[in-house]
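Here is the structure we will look at.
Note on naming: letters A, B, ... go to the chains in the order of the sequence lines (proteins, then strands), and numbering restarts at 1 for each one.
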There are 2 protein chains.
Amino acid sequence: MGRIEYRNHDRFLLSVDCIIFGFDGKGMKALIVKRALEPETGKWSLSGGFVKKEESVDQAAERILVTLTGLEKIYMEQLHCFGDISRDPGGRVVSIAYYALIKIDASNEQLLDTHNAQWVDLHHLPPLIFDHNQMVKMAKERLQQKVANHPIGFELLPHKFTLQQLLGLYEAIYETNFDKRNFTRKILALGILQRLNEKERESSKKGAFYYVFDKKKYKQLEHEGIKLI
Amino acid sequence: MGRIEYRNHDRFLLSVDCIIFGFDGKGMKALIVKRALEPETGKWSLSGGFVKKEESVDQAAERILVTLTGLEKIYMEQLHCFGDISRDPGGRVVSIAYYALIKIDASNEQLLDTHNAQWVDLHHLPPLIFDHNQMVKMAKERLQQKVANHPIGFELLPHKFTLQQLLGLYEAIYETNFDKRNFTRKILALGILQRLNEKERESSKKGAFYYVFDKKKYKQLEHEGIKLI
DNA sequence: GCAAAAGTGTTTTGTCTACACCCATGA
DNA sequence: TCATGGGTGTAGACAAAACACTTTTGC
């Protein structure tokens with residue numbers, strides 16, 4: 001009976017598009033692909049795909065991410081549903097955008113090549129198809145807002161990292177400079193960083209201590225929220 | 001060509017569900033309806049409906065809101081897309097949730113009756129169908145976060161209101177108490193309130209000044225953001 | 001004149017910001 | 001020994017929080 005009433009309504013193609021953020025130690029990057037599908041074949045695009053009926057929308061996003069990067073257990077969050085009528089000239093497609101944070105050097109390079117994927121400077125993206133630039137813009141704003149209140153920045157860094165790298169990450173995200181002393185004081189005060197007895201020696205003679213984060217406190221603060229910026 | 005490739009993919013029913021917030025001077029309310037559709041007919045539900053192919057998702061949300069309340073130009077924002085496989089036992093329906101802020105006494109009561117809609121205490125909702133309680137929970141959190149940084153609270157108040165009403169609104173949203181002096185100082189410092197030479201005399205003998213807000217400064221701060229709580 | 005809500009300042013506390021020098025090491 | 005990036009503390013400004021009494025007026 002319910003199904004009968006449901007049958008009278010319009011059905012839509014649903015797609016998922018992923019804004020995949022990375023940090024290469026210097027700047028923020030986004031992973032984009034050369035589109036393989038008509039229309040707009042060969043143009044730059046976010047990586048995406050159609051939702052299948054046997055998966056949830058979240059699962060679709062995860063599938064697309066795993067297919068492209070080979071990585072599982074990635075930090076991912078839904079961004080927004082884009083539902084304008086003519087956002088895709090190829091047909092009426094409603095797209096749910098997600099953003100993901102990945103450790104750039106953990107991704108499978110070969111896989112990226114296979115998909116014609118490329119890391120590009122987040123703040124100087126080429127034109128992308130459809131409304132994808134708008135999606136990136138929104139994702140960037142959301143990321144900035146998010147990292148100010150939640151300690152998720154670590155998702156973009158290697159397992160062990162120096163305070164300078166962490167600072168560099170935040171500066172890259174906000175495209176601004178922060179005071180080194182104030183920043184490190186704040187971040188250490190949160191009590192989520194654990195200093196290792198090991199130094200990174202490539203970028204300086206003195207060497208900078210590596211830190212890892214304390215998973216327990218991190219998980220707690222991820223929900224509670226913090227004030228970092 | 002593009003269309004041909006698109007044709008191979010699954011299609012979905014898309015619905016919109018609206019969390020409609022109101023404030024009656026004492027507490028936060030949500031507008032819920034007795035569901036007219038199978039399945040779960042007669043149970044409480046958010047007001048919603050299916051997206052039509054000739055409208056955008058945003059337009060669908062607006063249509064549903066206008067149909068129910070008779071009000072246009074309502075403050076509304078997309079909340080989240082809910083896309084679990086079995087969220088709706090009646091079929092695979094992906095729902096995009098929106099939340100709206102309305103002036104409770106401006107809504108068309110007759111229209112509400114027609115749709116079996118009712119204002120209920122936001123913080124003590126009855127069980128709703130499907131994942132609607134989860135939607136409300138998320139909307140509540142989003143609202144709290146939003147009003148802390150954006151002066152949208154006014155959308156819930158009558159055109160002219162007293163400082164006590166405004167305070168009461170914020171206390172209702174956060175389910176807590178704020179210091180009257182600190183609160184009024186902050187809100188007045190924003191410079192978005194204009195005092196009228198008119199007093200509300202029902203709730204006190206002395207009478208409390210009415211305020212309205214300055215649309216220009218309000219619009220500006222709505223984008224810039226503020227620090228209110 | 002009294003009950004009931006409105007309106008109003010100050011002090012204290014804590015937080016954020018600005019700012020500059022010494023340290024350790026490899027070359 | 002010197003060049004390079006790493007690491008650290010303090011003083012002042014500002015914002016937030018705590019706090020209580022006087023005013024108005026209808027009854």
Side-chain angles (χ1 to χ4, degrees), chain A residues 24-27 144-145 147-149 151 157-158 160-172 174 176-212 221 224-229, chain B residues 24-27 144-145 147-149 151 157-158 160-172 174 176-212 221 224-229:
Chain A
D24 69 355
K26 289 186 178 156
Q144 290 182 351
Q145 184 189 322
V147 296
N149 304 308
L157 292 172
K160 54 187 185 184
F161 50 86
T162 68
L163 291 179
Q164 323 298 320
Q165 287 172 328
L166 185 59
L167 173 61
L169 169 64
Y170 274 81
E171 291 185 334
Y174 286 95
T176 184
N177 293 321
F178 296 106
D179 183 279
K180 186 174 51 156
R181 286 165 292 189
N182 292 337
F183 181 82
T184 55
R185 188 184 317 119
K186 269 198 241 181
I187 197 94
L188 290 175
L190 291 175
I192 54 180
L193 291 190
Q194 215 177 329
R195 196 174 82 174
L196 302 182
N197 275 330
E198 189 190 349
K199 286 188 162 188
E200 188 273 335
R201 301 203 165 270
E202 291 199 5
S203 57
S204 86
K205 291 160 186 172
K206 182 173 176 181
F209 280 109
Y210 276 121
Y211 287 78
V212 294
L221 291 177
E224 283 179 15
I226 58 173
K227 170 107 191 73
L228 185 51
I229 307 293
Chain B
D24 70 355
K26 289 186 179 155
Q144 290 183 350
Q145 183 190 322
V147 296
N149 304 307
L157 292 172
K160 55 187 186 185
F161 51 86
T162 68
L163 291 179
Q164 324 297 320
Q165 287 172 329
L166 184 58
L167 174 60
L169 169 64
Y170 274 80
E171 292 185 333
Y174 287 94
T176 184
N177 293 321
F178 296 106
D179 182 279
K180 186 173 50 154
R181 287 164 291 187
N182 292 336
F183 181 83
T184 55
R185 187 182 318 118
K186 269 198 241 182
I187 198 95
L188 290 174
L190 291 175
I192 54 179
L193 292 190
Q194 216 175 328
R195 196 174 82 174
L196 302 182
N197 275 329
E198 190 189 351
K199 285 189 165 188
E200 187 274 334
R201 301 204 165 269
E202 292 202 3
S203 56
S204 86
K205 291 161 185 170
K206 182 175 178 180
F209 280 108
Y210 276 120
Y211 287 78
V212 294
L221 291 177
E224 283 178 17
I226 58 173
K227 169 104 194 74
L228 185 51
I229 308 294

What is the separation between atom [atom1] on [X] and atom [atom2] on [N], rounded to the nearest whole Å?
X: A/E202; N: C/dA27; atom1: CD; atom2: P; value: 12 Å
X: B/F183; N: C/dA6; atom1: CZ; atom2: P; value: 14 Å
X: B/R201; N: D/dG26; atom1: CZ; atom2: C1'; value: 10 Å
X: A/K227; N: C/dT15; atom1: NZ; atom2: P; value: 12 Å
X: B/F178; N: D/dA18; atom1: CZ; atom2: C1'; value: 15 Å
X: A/L228; N: C/dC16; atom1: CG; atom2: P; value: 10 Å

Heavy-atom distance under 4.5 Å between the side chains of B/Y170 and B/L228, does that happen here?
->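 Yes, their side chains come closer than 4.5 Å.
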Is there side-chain contact between B/L193 and B/F161, with heavy atoms separated by less than 4.5 Å?
-> yes
Where is the tightest heavy-atom contact between A/L221 and A/P151, given as atom of each residue plus distance?
->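 Where A/L221 meets A/P151 most closely, the heavy atoms are O-CD, 3.8 Å.
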Give the C-alpha distance, both sets of side-chain angles, the deciding distance and a yes or no for side-chain contact (heavy atoms from CB on, under 4.5 Å) between B/Y211 and B/L157.
-> CA-CA 11 Å; B/Y211 287 78; B/L157 292 172; over 6 Å; no
Base, backbone or nothing for each nucleotide of nucleotides 1-10 of chain D, written B, S, -, heavy atoms under 4.0 angstrom, 5' to 3'?
-> --B-BBBBBB
Hey, does the side chain of B/K186 reach the backbone of B/L188 with a donor-acceptor pair shorter than 3.5 angstrom?
-> no
Donor-acceptor pair, A/Q194 side chain versus A/L196 backbone, under 3.5 Å?
-> no
